[in-house]
Amino acid sequence: MLTQLISKSAAVALIAMPLLATAAPSSEPISQFGILGTYNRFNLKGAGLSETDSLPEGGLFYNFGNKMTAGPGLIYQAGIDLKSGKDKDDRLKDFQGDVDIGWRMALGDRDFLDVIGGGGYGRTRYTSHIDRYEISLLGRSPFLKAAMGYTHHFDSASVRLEAGVRRTTESDLKLKVNGMDIATADLKDRTNPYAEANFLFNTQGALSIAAGVYYSQTGYQLNTNNDLARKVQLQRDELGAKVGIAF
(Lines give C-alpha, C1' and ligand atoms only; values in the text may rest on other atoms or scores of the structure.)
Protein backbone atom coordinates (compact mmCIF):
# COMPACT_ATOMS: atom_id res chain seq x y z
CA MET A 1 0.00 0.00 0.00
CA LEU A 2 2.81 2.43 0.91
CA THR A 3 4.58 1.90 -2.42
CA GLN A 4 1.34 2.55 -4.30
CA LEU A 5 0.66 5.76 -2.39
CA ILE A 6 4.18 7.08 -2.99
CA SER A 7 3.77 6.30 -6.69
CA LYS A 8 0.44 8.13 -6.76
CA SER A 9 1.95 11.12 -4.95
CA ALA A 10 4.75 11.32 -7.53
CA ALA A 11 2.25 11.01 -10.39
CA VAL A 12 0.13 13.79 -8.94
CA ALA A 13 3.21 16.00 -8.73
CA LEU A 14 4.08 15.44 -12.40
CA ILE A 15 0.51 16.03 -13.54
CA ALA A 16 0.00 19.12 -11.43
CA MET A 17 3.16 21.00 -12.45
CA PRO A 18 1.77 22.17 -15.83
CA LEU A 19 -1.30 23.49 -13.99
CA LEU A 20 0.67 26.25 -12.26
CA ALA A 21 -0.98 29.62 -12.88
CA THR A 22 0.30 33.17 -12.68
CA ALA A 23 -2.25 34.42 -10.15
CA ALA A 24 -1.15 35.00 -6.54
CA PRO A 25 -1.89 32.03 -4.27
CA SER A 26 -4.54 32.34 -1.58
CA SER A 27 -3.30 32.73 2.01
CA GLU A 28 -6.59 31.56 3.55
CA PRO A 29 -6.68 28.41 5.76
CA ILE A 30 -7.71 25.21 4.02
CA SER A 31 -8.96 21.73 4.85
CA GLN A 32 -7.09 18.66 3.63
CA PHE A 33 -8.66 15.20 3.56
CA GLY A 34 -7.42 11.94 2.11
CA ILE A 35 -5.88 8.50 2.54
CA LEU A 36 -2.55 7.48 4.00
CA GLY A 37 -0.43 4.37 4.20
CA THR A 38 2.44 3.54 6.54
CA TYR A 39 5.17 0.97 7.01
CA ASN A 40 6.01 0.32 10.68
CA ARG A 41 9.19 -1.36 11.88
CA PHE A 42 9.35 -2.46 15.53
CA ASN A 43 12.65 -3.20 17.28
CA LEU A 44 12.60 -4.72 20.78
CA LYS A 45 15.94 -4.85 22.57
CA GLY A 46 17.54 -4.96 26.02
CA ALA A 47 17.81 -7.48 28.87
CA GLY A 48 18.96 -10.16 26.44
CA LEU A 49 16.15 -9.47 23.96
CA SER A 50 16.60 -8.57 20.30
CA GLU A 51 13.58 -8.90 18.02
CA THR A 52 12.42 -7.05 14.92
CA ASP A 53 9.01 -7.08 13.25
CA SER A 54 7.02 -4.97 10.80
CA LEU A 55 3.38 -4.19 10.07
CA PRO A 56 1.80 -1.94 7.40
CA GLU A 57 -1.23 0.27 8.06
CA GLY A 58 -3.76 2.20 6.02
CA GLY A 59 -6.13 4.95 7.04
CA LEU A 60 -7.47 8.48 6.72
CA PHE A 61 -6.24 11.96 7.59
CA TYR A 62 -7.85 15.37 7.99
CA ASN A 63 -6.38 18.72 8.92
CA PHE A 64 -7.33 22.40 8.85
CA GLY A 65 -5.04 25.41 8.93
CA ASN A 66 -2.85 27.79 6.96
CA LYS A 67 0.58 26.13 7.24
CA MET A 68 0.57 25.39 3.48
CA THR A 69 -0.86 28.74 2.32
CA ALA A 70 0.08 31.60 4.66
CA GLY A 71 2.61 34.37 4.19
CA PRO A 72 4.55 36.01 7.04
CA GLY A 73 2.80 36.04 10.40
CA LEU A 74 0.78 33.63 12.49
CA ILE A 75 0.42 30.04 11.24
CA TYR A 76 -1.63 27.22 12.70
CA GLN A 77 -3.00 23.77 11.96
CA ALA A 78 -5.11 21.13 13.70
CA GLY A 79 -5.46 17.58 12.43
CA ILE A 80 -6.21 13.91 13.10
CA ASP A 81 -4.92 10.60 11.68
CA LEU A 82 -6.71 7.25 11.91
CA LYS A 83 -4.81 4.09 10.92
CA SER A 84 -5.14 0.33 11.25
CA GLY A 85 -3.32 -2.76 10.03
CA LYS A 86 -3.54 -6.53 10.37
CA ASP A 87 -1.11 -9.41 9.93
CA LYS A 88 -2.52 -12.88 10.69
CA ASP A 89 -3.60 -12.74 14.37
CA ASP A 90 -1.97 -9.38 15.03
CA ARG A 91 -3.89 -6.11 14.69
CA LEU A 92 -2.65 -2.56 15.17
CA LYS A 93 -4.85 0.54 15.51
CA ASP A 94 -3.59 4.12 15.84
CA PHE A 95 -5.16 7.50 16.52
CA GLN A 96 -3.30 10.80 16.69
CA GLY A 97 -4.59 14.32 17.05
CA ASP A 98 -2.46 17.43 17.30
CA VAL A 99 -2.57 21.22 17.19
CA ASP A 100 0.30 23.41 15.91
CA ILE A 101 0.79 27.14 16.26
CA GLY A 102 3.78 29.18 15.16
CA TRP A 103 5.23 32.18 13.39
CA ARG A 104 6.33 32.48 9.75
CA MET A 105 9.21 34.76 8.75
CA ALA A 106 9.96 35.82 5.18
CA LEU A 107 13.32 34.88 3.66
CA GLY A 108 12.32 36.37 0.31
CA ASP A 109 9.24 36.91 -1.83
CA ARG A 110 8.47 33.17 -1.97
CA ASP A 111 10.57 31.57 0.76
CA PHE A 112 9.66 31.40 4.45
CA LEU A 113 11.04 30.03 7.71
CA ASP A 114 8.65 28.70 10.38
CA VAL A 115 9.05 28.28 14.13
CA ILE A 116 6.38 25.97 15.56
CA GLY A 117 5.16 24.71 18.92
CA GLY A 118 2.20 22.54 19.75
CA GLY A 119 0.87 19.45 21.38
CA GLY A 120 -1.42 16.50 20.95
CA TYR A 121 -2.45 13.02 21.96
CA GLY A 122 -1.59 9.61 20.55
CA ARG A 123 -3.34 6.31 21.21
CA THR A 124 -2.07 2.92 19.99
CA ARG A 125 -3.77 -0.44 20.45
CA TYR A 126 -2.08 -3.73 19.65
CA THR A 127 -4.14 -6.94 19.79
CA SER A 128 -3.04 -10.54 19.35
CA HIS A 129 -4.66 -13.95 19.85
CA ILE A 130 -2.83 -16.74 21.68
CA ASP A 131 -4.90 -19.93 21.90
CA ARG A 132 -8.22 -18.86 23.43
CA TYR A 133 -6.81 -15.63 24.88
CA GLU A 134 -7.03 -12.17 23.34
CA ILE A 135 -4.07 -10.09 24.51
CA SER A 136 -4.48 -6.33 24.17
CA LEU A 137 -1.92 -3.57 24.84
CA LEU A 138 -3.23 0.00 24.91
CA GLY A 139 -0.70 2.83 24.87
CA ARG A 140 -1.74 6.43 25.59
CA SER A 141 0.73 9.26 25.01
CA PRO A 142 0.07 12.99 25.35
CA PHE A 143 2.92 14.96 23.80
CA LEU A 144 4.41 18.40 23.31
CA LYS A 145 5.98 19.44 20.05
CA ALA A 146 8.68 21.82 18.76
CA ALA A 147 9.77 22.16 15.12
CA MET A 148 11.26 24.28 12.37
CA GLY A 149 9.79 24.53 8.88
CA TYR A 150 10.68 25.84 5.44
CA THR A 151 8.02 26.82 2.87
CA HIS A 152 8.27 27.83 -0.78
CA HIS A 153 5.25 29.21 -2.66
CA PHE A 154 5.06 28.74 -6.42
CA ASP A 155 2.43 30.63 -8.43
CA SER A 156 -0.13 27.89 -7.83
CA ALA A 157 1.59 25.36 -5.60
CA SER A 158 3.45 25.13 -2.30
CA VAL A 159 6.20 22.89 -0.95
CA ARG A 160 6.81 22.68 2.78
CA LEU A 161 9.48 20.85 4.81
CA GLU A 162 9.30 20.38 8.57
CA ALA A 163 11.50 18.66 11.15
CA GLY A 164 11.26 18.57 14.90
CA VAL A 165 10.67 16.53 18.04
CA ARG A 166 7.69 15.30 20.04
CA ARG A 167 8.14 14.94 23.80
CA THR A 168 5.79 12.39 25.33
CA THR A 169 4.62 13.05 28.88
CA GLU A 170 2.46 11.13 31.37
CA SER A 171 2.28 8.13 29.02
CA ASP A 172 1.02 4.74 30.14
CA LEU A 173 0.48 1.21 28.88
CA LYS A 174 -2.56 -0.91 29.80
CA LEU A 175 -2.67 -4.70 29.48
CA LYS A 176 -5.99 -6.51 28.92
CA VAL A 177 -6.71 -10.23 28.55
CA ASN A 178 -10.09 -11.18 27.05
CA GLY A 179 -11.31 -7.64 27.71
CA MET A 180 -10.37 -7.62 31.41
CA ASP A 181 -7.91 -5.06 32.82
CA ILE A 182 -4.81 -6.87 34.10
CA ALA A 183 -2.24 -4.15 34.72
CA THR A 184 -1.32 -0.55 33.92
CA ALA A 185 2.28 0.68 33.78
CA ASP A 186 3.69 4.17 33.37
CA LEU A 187 6.06 4.84 30.48
CA LYS A 188 9.14 7.04 30.60
CA ASP A 189 8.93 10.47 29.02
CA ARG A 190 10.74 10.33 25.67
CA THR A 191 11.86 12.80 23.03
CA ASN A 192 11.12 11.42 19.55
CA PRO A 193 12.22 12.93 16.20
CA TYR A 194 10.09 13.34 13.09
CA ALA A 195 10.36 14.88 9.61
CA GLU A 196 7.86 15.49 6.83
CA ALA A 197 7.54 16.95 3.34
CA ASN A 198 4.16 18.25 2.15
CA PHE A 199 2.95 19.45 -1.26
CA LEU A 200 -0.07 21.42 -2.39
CA PHE A 201 -0.80 21.56 -6.11
CA ASN A 202 -3.16 23.49 -8.40
CA THR A 203 -4.30 25.97 -5.76
CA GLN A 204 -5.83 28.19 -8.45
CA GLY A 205 -7.71 25.37 -10.15
CA ALA A 206 -11.05 23.73 -9.50
CA LEU A 207 -9.47 20.91 -7.49
CA SER A 208 -6.38 21.30 -5.28
CA ILE A 209 -4.31 18.21 -4.52
CA ALA A 210 -2.49 17.57 -1.22
CA ALA A 211 0.29 15.00 -0.93
CA GLY A 212 3.15 14.24 1.41
CA VAL A 213 5.60 11.82 2.96
CA TYR A 214 6.81 11.59 6.55
CA TYR A 215 9.04 9.72 8.98
CA SER A 216 8.62 9.43 12.74
CA GLN A 217 10.35 7.51 15.51
CA THR A 218 8.75 6.57 18.82
CA GLY A 219 10.44 4.94 21.79
CA TYR A 220 8.70 3.03 24.59
CA GLN A 221 10.31 2.21 27.93
CA LEU A 222 8.74 1.29 31.27
CA ASN A 223 9.05 3.80 34.10
CA THR A 224 9.82 1.33 36.87
CA ASN A 225 12.34 0.62 39.63
CA ASN A 226 12.86 -2.90 38.30
CA ASP A 227 16.33 -2.91 36.73
CA LEU A 228 15.56 -5.72 34.27
CA ALA A 229 12.28 -4.19 33.02
CA ARG A 230 13.85 -0.74 32.78
CA LYS A 231 16.46 -2.02 30.31
CA VAL A 232 13.85 -3.25 27.80
CA GLN A 233 13.14 -0.73 25.04
CA LEU A 234 10.76 -0.85 22.07
CA GLN A 235 11.46 1.47 19.15
CA ARG A 236 8.94 2.10 16.39
CA ASP A 237 10.09 3.60 13.08
CA GLU A 238 7.22 4.74 10.87
CA LEU A 239 7.45 5.77 7.21
CA GLY A 240 4.24 7.07 5.64
CA ALA A 241 2.76 8.67 2.54
CA LYS A 242 -0.55 10.45 1.97
CA VAL A 243 -2.60 11.88 -0.87
CA GLY A 244 -5.90 13.72 -0.87
CA ILE A 245 -7.81 16.88 -1.76
CA ALA A 246 -7.64 20.40 -0.36
CA PHE A 247 -10.65 22.67 -0.13
Side-chain angles (χ1 to χ4, degrees), residues 1-9 32-47 49-63 79-98 120-143 166 168-190 192-196 212-224 229 232-244:
M1 178 181 289
L2 179 59
T3 303
Q4 294 175 351
L5 285 175
I6 293 175
S7 300
K8 290 180 180 179
S9 299
Q32 300 180 63
F33 175 76
I35 60 173
L36 58 85
T38 69
Y39 171 80
N40 300 282
R41 183 176 182 270
F42 298 91
N43 185 19
L44 181 67
K45 60 183 179 180
L49 298 173
S50 181
E51 296 183 19
T52 300
D53 202 356
S54 62
L55 184 64
E57 289 183 289
L60 302 172
F61 74 91
Y62 171 79
N63 59 61
I80 59 172
D81 294 346
L82 296 169
K83 299 170 292 184
S84 66
K86 184 178 182 181
D87 182 15
K88 297 181 181 178
D89 291 331
D90 300 329
R91 179 179 290 275
L92 184 65
K93 293 183 178 181
D94 284 303
F95 165 84
Q96 181 172 300
D98 54 7
Y121 174 78
R123 177 185 172 102
T124 297
R125 180 170 183 170
Y126 170 79
T127 305
S128 184
H129 287 83
I130 302 176
D131 294 330
R132 66 179 185 276
Y133 299 104
E134 181 186 76
I135 310 298
S136 175
L137 289 173
L138 175 63
R140 299 173 291 190
S141 299
F143 60 85
R166 297 185 180 98
T168 59
T169 177
E170 302 297 328
S171 303
D172 62 28
L173 185 67
K174 179 179 289 188
L175 171 64
K176 291 185 176 185
V177 177
N178 290 342
M180 297 180 58
D181 292 343
I182 301 299
T184 300
D186 292 334
L187 297 176
K188 278 191 173 183
D189 295 345
R190 296 290 297 263
N192 303 300
Y194 77 93
E196 59 186 46
V213 294
Y214 71 89
Y215 166 80
S216 67
Q217 183 184 100
T218 306
Y220 305 91
Q221 188 175 8
L222 291 176
N223 187 11
T224 176
V232 178
Q233 299 182 31
L234 176 64
Q235 179 174 304
R236 176 181 181 176
D237 295 283
E238 180 177 343
L239 178 63
K242 60 184 180 180
V243 62

Inset, instruction - Assess the side chains of Asn43 and Gln235: does a donor N or O sit below 3.5 Å from an acceptor N or O? - result: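 Per modelled atom types, Asn43 and Gln235 side chains form no pair under 3.5 Å.
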Once you round to the nearest 0.5 Å, how far does [atom1] of [X] lie from [atom2] of [Y]?
X: Arg91; Y: Tyr126; atom1: CZ; atom2: OH; value: 12.0 Å
X: Thr52; Y: Lys45; atom1: OG1; atom2: NZ; value: 9.5 Å
X: Leu55; Y: Tyr39; atom1: CG; atom2: OH; value: 9.5 Å
X: Leu234; Y: Leu44; atom1: CG; atom2: CG; value: 6.0 Å

Looking only at heavy atoms, what is the nearest atom pair of [X] and [Y], with distance?
X: Asp90; Y: Ser128; result: OD1-OG, 2.8 Å
X: Arg190; Y: Gly219; result: CG-O, 3.6 Å
X: Ala241; Y: Val213; result: CB-CG1, 4.1 Å
X: Phe143; Y: Tyr121; result: CE2-N, 3.4 Å
X: Lys188; Y: Thr168; result: O-OG1, 4.0 Å

Non-neighbouring partners of [X] that pass side-chain hydrogen bond (donor to acceptor under 3.5 Å, both in side chains), sequence neighbours left out:
X: Thr218; answer: none
X: Tyr215; answer: Gln217, Asp237
X: Thr184; answer: none
X: Ser136; answer: Arg125

Legend entry - Listed partners of Asp172 passing salt bridge (charged side-chain N to carboxylate O under 4.0 Å, His left out), at least two apart: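 Partners of Asp172 under the salt bridge (charged side-chain N to carboxylate O under 4.0 Å, His left out) test: Arg140.
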With sequence neighbours excluded, residues passing side chain to side chain contact (heavy atoms under 4.5 Å, CB included) with [X]:
X: Leu187; answer: Ser171, Leu173, Tyr220, Leu222
X: Ile182; answer: Leu175, Val177
X: Glu134; answer: Thr127, His129, Asn178
X: Glu238; answer: Thr38, Asn40, Lys83, Tyr214, Ser216, Arg236

Inset, instruction - Assess whether side chain to side chain donor-acceptor pair (under 3.5 Å) is satisfied between Asp81 and Gln96, documenting all intermediate values. - result: CA-CA 5 Å; Asp81 294 346; Gln96 181 172 300; 5.1 Å; no
